[in-house]
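Have a look at the structure below, then the notes.
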Amino acid sequence: CPIILVPPSSTKWSQVPSVLKCWFPPHAGAQYEYILVEKRGDKNNVGFIQLNRPKALNALCDGLMKEVGQALDAFEADADVGAVVITGSDRAFAAGADIKEMQNRTFQECYGGNFLAHWNRVSTVRKPVIAAVNGFAVSITSPAACAEKSDILKISFFFFFFFFTTQDIGLSFK
Ligand SMILES: C=CC(=O)SCCNC(=O)CCNC(=O)[C@H](O)C(C)(C)COP(=O)(O)OP(=O)(O)OC[C@H]1O[C@@H](n2cnc3c(N)ncnc32)[C@H](O)[C@@H]1OP(=O)(O)O
């Protein structure tokens, strides 16, 4: 008879030995540390990810971004899931990168190690991903980097560049 492994409900995803992780699909019981994950909707076909570091305004620490990537992997592999919704908590969708975690990293470590590379996972999912934004949504980016991604941003970047040639940083709040 088949053996079904069920992790205790208090188990955090980071505590599950990696060799066992394939037996514990993330949305099938094992808990994450920084996000809440479940399937919602009448047909259970919406993958739902809630960023869950409310005290730090959902600052995007390394662990949180890795967990979001794992949850997206699982939803992408799940044929029942048609779309994914990512949301935050009461006060914030997310306060951007975790600046406490970043403060001791050198430029060389960040640039050479391409330390935000795994953040791209959200843009490579082959199912629609919808951000349900509430409260603070903070980010900072180079407009030139954004412009590589879309024509609208290219046009915006042109005007941005034209009028604010001394400014090279985009900031968005709430
Ligand atoms: C990819 C690059 C980027 O994303 S760069 C952008 C990085 N993000 C920021 O620079 C935003 C920094 N945060 C703020 O400016 C403010 O927190 C705020 C305007 C978003 C909200 O201000 P408010 O006064 O309402 O809250 P607090 O500042 O008291 O914050 C509460 C609590 O959250 C911690 N926290 C907030 N943002 C971050 C962050 N980005 N990284 C790490 N931690 C953050 C803040 O330290 C407070 O926690 P405490 O334990 O009380 O110190």
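Each ligand, and each atom within it, is numbered from 1 in the order the structure gives. Quick note: residue numbers are just sequence positions, from 1.
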Counting heavy atoms only, which part of A97 comes closer than 4.0 Å to ligand 1: side chain, backbone, both or neither?
both

I'd like to check L64 versus D98 (side-chain heavy atoms, cut-off strictly below 4.5 Å). Are they in contact?
no

Here the gap from R126 atom CZ to E76 atom CD, rounded to the nearest 0.5 Å, amounts to 4.0 Å

So for ligand 1, is A95 a polar contact partner (N or O within less than 3.5 Å, distance only)?
yes

Using heavy atoms and a 4.0 Å limit, tell me yes or no: is E101 in contact with ligand 1?
no

Proximal candidate to atom 36 (C) of ligand 1 [heavy atom criterion; set A59, A56, P54]
A56

N52 (side chain) donor-acceptor with E33 (main chain) under 3.5 angstrom
no

So, taking the atom named CG in L72 and the one named OG1 in T124, what distance separates them when rounded to the nearest 0.5 Å?
8.0 Å

State the atoms of ligand 1, each with its element, that fall below the 4.0 Å cut-off from a heavy-atom position in G96.
4 (O)

Below 3.5 Å, N or O to N or O, backbone or side chain included: is there any such pair between V138 and ligand 1?
no

W119 versus ligand 1: do any nitrogen or oxygen atoms come within less than 3.5 Å of each other?
no

Would W119 and I130 show up in the same hydrophobic cluster when neighbours are defined by side-chain heavy atoms closer than 4.5 Å?
no

For ligand 1, indicate whether the residue R91 contacts it via side chain, backbone, both or neither (heavy-atom separation under 4.0 Å).
side chain

Is E67 reaching over with its side chain to a backbone N or O of Y32, donor-acceptor style, under 3.5 angstrom?
no

